[in-house]
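Have a look at the structure below, then the notes.
Heavy-atom basis, side chains included; hydrogens, waters and symmetry copies ignored. Since the structure is predicted, the reported quantities are computational estimates derived from the model, not experimental observations.
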Amino acid sequence: MDTLHLTNTTDDITKAGQLLKAGELVAIPTETVYGLAANALDAQAVAGIFAAKERPADNPLIVHIDDKDTVYSLWETVTEEAKALMDAFWPGPLTIILPRAACVPDIVSAGLPTVAVRMPSHETARAIIRAAGVPLAAPSANRSGSPSPTTAARVAADMDGRIAAVVDGGDCEVGVESTVISLCGETPTVLRPGGITPAQLEAVLGTVAIADSITRPLAEGEVVASPGMKYKHYAPRAQVTIVRGDAAAFAAYVNARADEGVMAMAFDGETQALNVPFVTYGAREDRDAQARELFEALRLADDRGATVLYAACPPVDGVGLAVYNRLLRAAAFRVVNA
């Protein structure tokens, strides 16, 4: 298959919409990461996402919309909590889970009775949804398990020849996938952290729970209720280990293990003492920059031939919780204290 490389011009957005309406797969920009989109109401088209990504069938997808009113056809009931969150954070990097309506195919929700929905803030993403005329199921536009793409070039490296088109809408602003919150239990529960923090959610809803699975592996038999919950995810080819400690302790730990293929993933301004090659992903206290640069840093480490990657541990508050969550899964939960 020849993959078209499109931009965010009106003509190209129209073309992308036509392809999606015809059941094809199109990679689209969002403010979080690039998504691999298909008509969410077409089970055969959605099956193509799983095939192109080599994605496990038990991993549910998020449905993307361009108008809040669309949720009334996707969820059985739109609760007051959902309305409050939509008013506060949509369009934006928040995904809400509620029981699904009959029109949502089983494959979208991996057989679960719920569906995850969000309204992206990226103008090109919403324009493409409008051009398609249907809600779009769209996980990250990468091979399953590898770091999510935040540029069209990274999408093309993974997906050329596998999908109909890639729409280049520039670099992603947030850089990690959306926050996912379930409103199906007694207490609203964050299943995946992202650009909307627990504190922001609590300001709207009051009490919000944080799922234990954010910082631990899923238990045997535990249901994958949200994307991003798999044991190993977002991982480069290099073996990743998270290293806790200040800049001096991190450098000493990594330098003591210097060998061919060893690389550090450090914070900006903390590389002077390193005796190994390195990539950086934002300053230690700049959680937004860490989120924006995380996945590109993991991919750069692969580009530069790293076989072992030691990552400086980020702060775990605010957006830092999302960065830590992605790193934990990239590292298959390997964490050491320097």
Side-chain angles (χ1 to χ4, degrees), residues 32-33 142 145-151 154 171-177 179 192-195 197-198 210 214-217 228 230-338:
T32 57
V33 300
N142 57 305
S146 64
S148 301
T150 55
T151 68
R154 294 298 190 185
D171 294 358
C172 299
E173 292 181 4
V174 177
V176 293
E177 297 83 355
T179 302
R192 181 179 73 184
T197 67
I210 308 295
I214 285 174
T215 55
R216 65 154 175 82
K230 290 289 188 177
Y231 175 77
K232 189 176 182 184
H233 208 51
Y234 317 112
R237 291 187 297 275
Q239 177 182 283
V240 180
T241 299
I242 300 171
V243 182
R244 292 195 180 108
D246 61 20
F250 175 75
Y253 184 93
V254 175
N255 290 342
R257 288 155 182 81
D259 200 353
E260 186 176 355
V262 169
M263 186 174 288
M265 194 166 90
F267 297 120
D268 289 338
E270 297 186 5
T271 60
Q272 296 90 336
L274 289 169
N275 295 331
V276 301
F278 60 84
V279 293
T280 61
Y281 75 116
R284 183 177 288 270
E285 296 303 323
D286 191 343
R287 292 147 181 79
D288 290 337
Q290 291 164 20
R292 190 167 54 250
E293 298 173 20
L294 172 66
F295 289 137
E296 182 62 17
L298 291 172
R299 285 179 174 262
L300 279 173
D302 274 348
D303 291 347
R304 296 173 184 176
T307 56
V308 174
L309 183 65
Y310 292 108
C313 186
V316 296
D317 60 329
V319 176
L321 179 62
V323 178
Y324 184 59
N325 166 264
R326 303 316 192 269
L327 268 178
L328 277 175
R329 281 167 165 77
F333 294 86
R334 281 183 297 270
V335 185
V336 298
N337 295 312

Would you say the side-chain atoms of Arg334 pair up with the backbone N or O of Val240, donor to acceptor, closer than 3.5 Å? yes
Checking side chain to side chain contact (heavy atoms under 4.5 Å, CB included) for the pair Leu321/Thr197: CA distance, chi angles, key distance, verdict? CA-CA 8 Å; Leu321 179 62; Thr197 67; over 6 Å; no
Spacing of CD belonging to Gln272 relative to CZ belonging to Phe278, to within rounding of 0.5 Å: 8.5 Å
Looking only at heavy atoms, the pair that brings Thr32 and Val176 closest together is CB-O, 3.2 Å
Can any side-chain N or O of Arg326 pair as donor or acceptor with the backbone N or O of Glu177 at less than 3.5 Å? yes
How about Leu294 and Met265: do any of their side-chain heavy atoms sit closer than 4.5 Å? yes
Atom CG in Asn142, atom CZ in Arg154: separation rounded to 0.5 Å? 12.0 Å
Phe295 side, atom CZ; Leu300 side, atom CG - distance, nearest 0.5 Å: 13.5 Å
Is any NZ, NE, NH1 or NH2 atom of the basic residue among Glu270 and Arg284 found under 4.0 Å from an Asp or Glu carboxylate oxygen of the other? yes
Establish, for the pair Arg257 and Tyr253, whether the NZ or CZ atom is under 6.0 angstrom from the six-membered ring centre and no further than 45 degrees off its axis. yes
Any donor-acceptor pair under 3.5 Å from Gln239 side chain to Leu309 backbone: no
Can you see which heavy atom on Val279 is nearest to which on Ala297, and at what distance? CG2-O, 3.8 Å
Of all heavy-atom pairs between Ala330 and Leu298, which one has the smallest distance, and what is that distance? CB-CD1, 4.4 Å
Considering non-hydrogen atoms only, spot the tightest contact between Val254 and Ala264 and give its length. CG1-CB, 4.1 Å
Donor-acceptor under 3.5 Å (Thr179 side chain, Gly194 main chain): yes
Euclidean distance, Phe333 CZ relative to Ile242 CD1, rounded to 0.5 Å: 8.5 Å
Spell out, as yes or no, whether a donor-acceptor pair under 3.5 Å connects the side chain of Arg287 to the backbone of Glu285. yes
Given Arg292 and Asp286, is the salt bridge (Lys or Arg N to Asp or Glu O under 4.0 Å) satisfied, shown in steps? CA-CA 10 Å; Arg292 190 167 54 250; Asp286 191 343; 5.1 Å; no
Donor-acceptor contact present, side-chain Arg299 to main-chain Pro147, <3.5 Å: yes
Return the minimal non-hydrogen interatomic distance between Pro314 and Tyr281, and the atom names on each side. CD-OH, 3.5 Å
Checking the side chain of Asn325 only, and the main-chain atoms of Ile214 only, is there a donor and an acceptor separated by less than 3.5 Å? yes
Any sub-3.5 Å donor-acceptor pair from Asp302's side-chain atoms to Arg237's backbone N or O? yes
Is it the case that the side chain of Tyr310 and the backbone of Asn255 share a donor-acceptor pair, with hydrogens and angles ignored and the cut-off at 3.5 Å? no
Shortest non-hydrogen separation from Ala312 to Phe267 and the atoms involved: CB-CE1, 3.6 Å
For a side chain to side chain contact (heavy atoms under 4.5 Å, CB included) check, start with the C-alpha distance between Glu293 and Asp268, then their side-chain angles and the critical distance, and finish with the verdict. CA-CA 11 Å; Glu293 298 173 20; Asp268 289 338; 4.3 Å; yes
Does some side-chain heavy atom of Thr151 sit less than 4.5 Å from a side-chain heavy atom of Asp171? yes
